[in-house]
Amino acid sequence: MQQPKNLNRLLRALSRQGLDVSYDNKVYSICLNSSLKENWQDADAQTAEVLLPEGFPVEAKALKQLASLANVRHPQGGCVCRACATPDFHPGDSGVAIGSIVETAGMVIPAAVGSDINCGMRLHVGDLSIEQFLSQRDRFVELLKGDYFFGTRDVSMTATTAGAMFQHGIPGWLDALRDKPTGSAANSDFEQLASECDRTFLGGSMNGGVKWAPEELVPNDGLVRDGGLGTIGGGNHFVEIQVVEEVIDRATAYTWGVRSGQIAFMIHSGSRNVGKYIGGMWRDRACEAWPKTLKHPESRLFPLSVAANPELVSSYLQAEATAANYGFINRLLLAEFLRLRLRQVFGDVEAPLVYDVPHNITLAEGAGWVTRKGACPAHLGQPVIVPGSMGAPSYLLVGKGNDRFLRSASHGAGRARSRFDMSREGVDKTDSALGLTGVDCITLREERRIEEAPAAYKPIQPVIDVQVEAQIVGVVAKMKPVLTFKA
DNA sequence: ATGTGC
């Protein structure tokens with residue numbers, strides 16, 4: 001067994017901080033020892049596993065956050081059945097590491113999904129050569145810049161279409177739009193969008209969305225408040241033009257309509273301000289619902305127990321579904337602007353959907369629920385989309401349904417340096433030191449390029465390799481970036 | 001993640 005150089009020192013340091021960690025064949029097993037346990041937690045500590053490429057840096061803070069998540073319990077009923085993390089995991093600032101997956105029974109943990117509800121990936125391929133694309137690049141970019149950054153697009157909705165969106169996600173929203181077309185989407189091909197629901201995770205609809213649009217989101221004037229619908233968002237979110245560089249699993253790629261040399265469109269975004277609003281509200285409500293007689297858990301991860309507060313659990317899941325439905329439609333609209341501009345500039349170009357999948361969501365799965373925070377579902381045979389960093393390749397994979405890692409794959413390469421660190425240290429560095437050479441990044445904010453530069457991320461290849469080796473996914477195709485829009 | 005932040 002080969003170990004990272006400073007492994008033993010790291011393990012001793014973690015032990016002093018209340019964490020027992022062991023390492024075997026690229027898997028870390030983490031367990032809280034008594035010093036970090038809450039006094040009412042009489043049960044044995046729950047172990048969590050992390051898969052990491054050999055020699056990869058491990059952050060103590062992320063391990064600690066994962067161990068805390070694995071040991072969330074509700075004194076009135078509810079426990080974690082299993083917890084693990086993907087190779088791209090890194091510390092999160094709300095106390096949950098990005099790349100954590102947790103299976104719970106009898107409770108849900110709103111903080112485990114957080115604010116970025118239904119952040120996810122969407123991939124289209126187009127019948128357009130990269131040469132054709134580059135010949136009209138400037139015109140295409142100018143039009144899309146207007147859509148994504150300056151709001152030249154129209155996403156207005158009536159209260160009826162907005163309500164259908166929040167309650168039913170893509171299919172219900174399409175039905176409402178058919179009756180009363182509004183906004184840019186009114187120019188869309190509804191039949192095509194409807195037919196693409198079967199290439200969208202859960203059909204593009206979370207069951208249990210609220211039966212009305214929340215008052216805070218749809219005021220009495222009947223127009224939906226712009227929660228950022230049809231915008232990319234910050235951080236690692238992007239819209240990217242790519243080319244399918246290599247097809248590895250030809251049979252699967254063929255079934256999914258992906259061929260070598262095709263142009264590809266990859267979207268990484270979520271539910272924007274709606275998720276922020278709902279996630280923040282339920283972080284507070286979960287805290288308020290904690291039994292008054294007990295002190296707060298040090299991790300500040302408050303579960304909602306089915307036994308203690310069944311109505312709160314179902315209200316939370318409804319609220320999460322509401323934001324998730326919005327997230328599905330946000331990605332769909334980002335793709336629609338792309339397709340509309342593609343047709344405008346290049347004529348009759350088909351750009352069918354390959355797949356759309358959330359990597360930040362709670363699903364009824366396993367013994368109760370599985371919450372993935374920055375981890376892509378990787379059920380058997382399911383398409384998995386893993387973006388690289390800016391300038392690095394992205395991957396289309398197929399899930400293998402690996403139960404040990406809760407049927408989940410990474411959602412990227414993983415951050416190596418925080419945005420703050422990059423904004424402080426990156427300004428003095430050259431583009432080549434930041435890995436920014438040959439990257440065609442369209443953004444209005446120079447600091448985004450630096451904060452999100454390839455140097456801020458870990459290398460994607462070892463992250464993919466270790467997941468293939470662990471039988472979490474198989475590689476279907478590799479896409480190389482051509483041009484990236486960052487907000 | 002968020003028109004943010006040490």
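Protein chains get the first letters and strands the later ones, always in sequence-line order, with residue 1 at the start of each.
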Flag for His168(A)-Asn325(A): side-chain donor and acceptor within less than 3.5 Å
no
Sorted by chain and number, sequence neighbours left out, ring pair (Phe, Tyr, Trp, His ring centres under 6.0 Å) with Trp282(A) holds for Tyr316(A)
Report yes if a side-chain nitrogen or oxygen of Arg419(A) is closer than 4.0 Å to either non-bridging phosphate oxygen (OP1 or OP2) of dA1(B); otherwise report no.
yes
Nearest whole angstrom, please: distance from the C1' of dA1(B) to the CZ of Arg331(A).
13 Å
Verify, without hydrogens or angle tests, whether Asn402(A) (side chain) and Arg407(A) (backbone) share a donor-acceptor contact under 3.5 angstrom.
no
Do you see a donor-acceptor pair shorter than 3.5 Å between the side chains of Asn118(A) and Arg331(A)?
yes
Answer with base, sugar-phosphate or nothing: what part of the nucleic acid does Gly235(A) contact at a heavy-atom distance below 4.0 Å?
sugar-phosphate
Going by modelled atom types, is there a donor-acceptor pair between the base of dT4(B) and the side chain of Arg448(A) at under 3.5 Å?
yes
What does Gly270(A) touch in the nucleic acid at a heavy-atom separation under 4.0 angstrom: a base, only the sugar-phosphate, or nothing?
nothing
The side chain of Arg272(A) is closest to which nucleotide in this list: dC6(B), dT2(B), dA1(B)?
dT2(B)
Nucleotide-level pairing of DNA chain B, given in dot-bracket where Watson-Crick and G-U pairs need both distances under 3.5 Å and | marks other strands:
......
Distance in angstrom units between Lys276(A) NZ and dT2(B) P, rounded
9 Å
Taking the six-membered ring for Trp and the single ring otherwise, decide whether the centroids of His296(A) and Phe302(A) are under 6.0 Å apart.
yes
Quickly work out the Ile117(A) CD1 to dT2(B) C1' distance and round it to whole Å.
13 Å
Taking only side-chain N and O atoms of Asn273(A), does any of them lie within less than 4.0 angstrom of OP1 or OP2 on dG3(B)?
yes
Using a strict heavy-atom distance below 4.0 Å, which residues from residues 83-102 of chain A are in contact with DNA chain B?
Asp93(A)
Please determine if a side-chain N or O atom of Arg445(A) lies less than 4.0 Å away from the OP1 or OP2 oxygen of dG3(B).
no
Nearest listed nucleotide, side chain of Glu451(A), among dT4(B), dC6(B), dA1(B):
dT4(B)
How long is the line joining CG of Asp284(A) and P of dT2(B), in whole Å?
19 Å
Look at Asn360(A) and dA1(B) and indicate whether a side-chain polar atom (N or O) is within less than 4.0 Å of OP1 or OP2.
no
Just say parallel, tilted or perpendicular for the rings of His359(A) and His268(A), cut-offs at 30° and 60°.
perpendicular
For a quick check under 3.5 Å, do Arg272(A) and Thr231(A) share a side-chain donor-acceptor pair by atom type?
yes
Closest contact, heavy atoms only, Met390(A) versus Glu452(A):
CE-O, 3.3 Å
dist Met165(A):CE -> Thr322(A):OG1 (nearest 0.5 Å) comes out at 10.0 Å
Between OH of Tyr326(A) and C1' of dT2(B) the distance, given in whole Å, is 13 Å
May I ask you to say what Gly275(A) touches in the nucleic acid, namely base, sugar-phosphate or nothing, with a heavy-atom cut-off under 4.0 Å?
nothing
Within this structure, what is the NZ-to-P distance between Lys486(A) and dT2(B), rounded to whole angstrom?
10 Å
Rounded distance in Å - CD (Glu452(A)) to C1' (dG5(B)):
15 Å
Using side-chain contact (heavy atoms from CB on, under 4.5 Å) as the criterion, point out the one residue from Val476(A), Ile472(A), Ile385(A), Val475(A) that pairs with Leu397(A).
Val475(A)
Check whether any side-chain N or O of Arg424(A) sits under 4.0 Å from OP1 or OP2 of dC6(B), and answer yes or no.
no
How many Å lie between CD1 on Ile450(A) and C1' on dT4(B), as a whole number?
17 Å
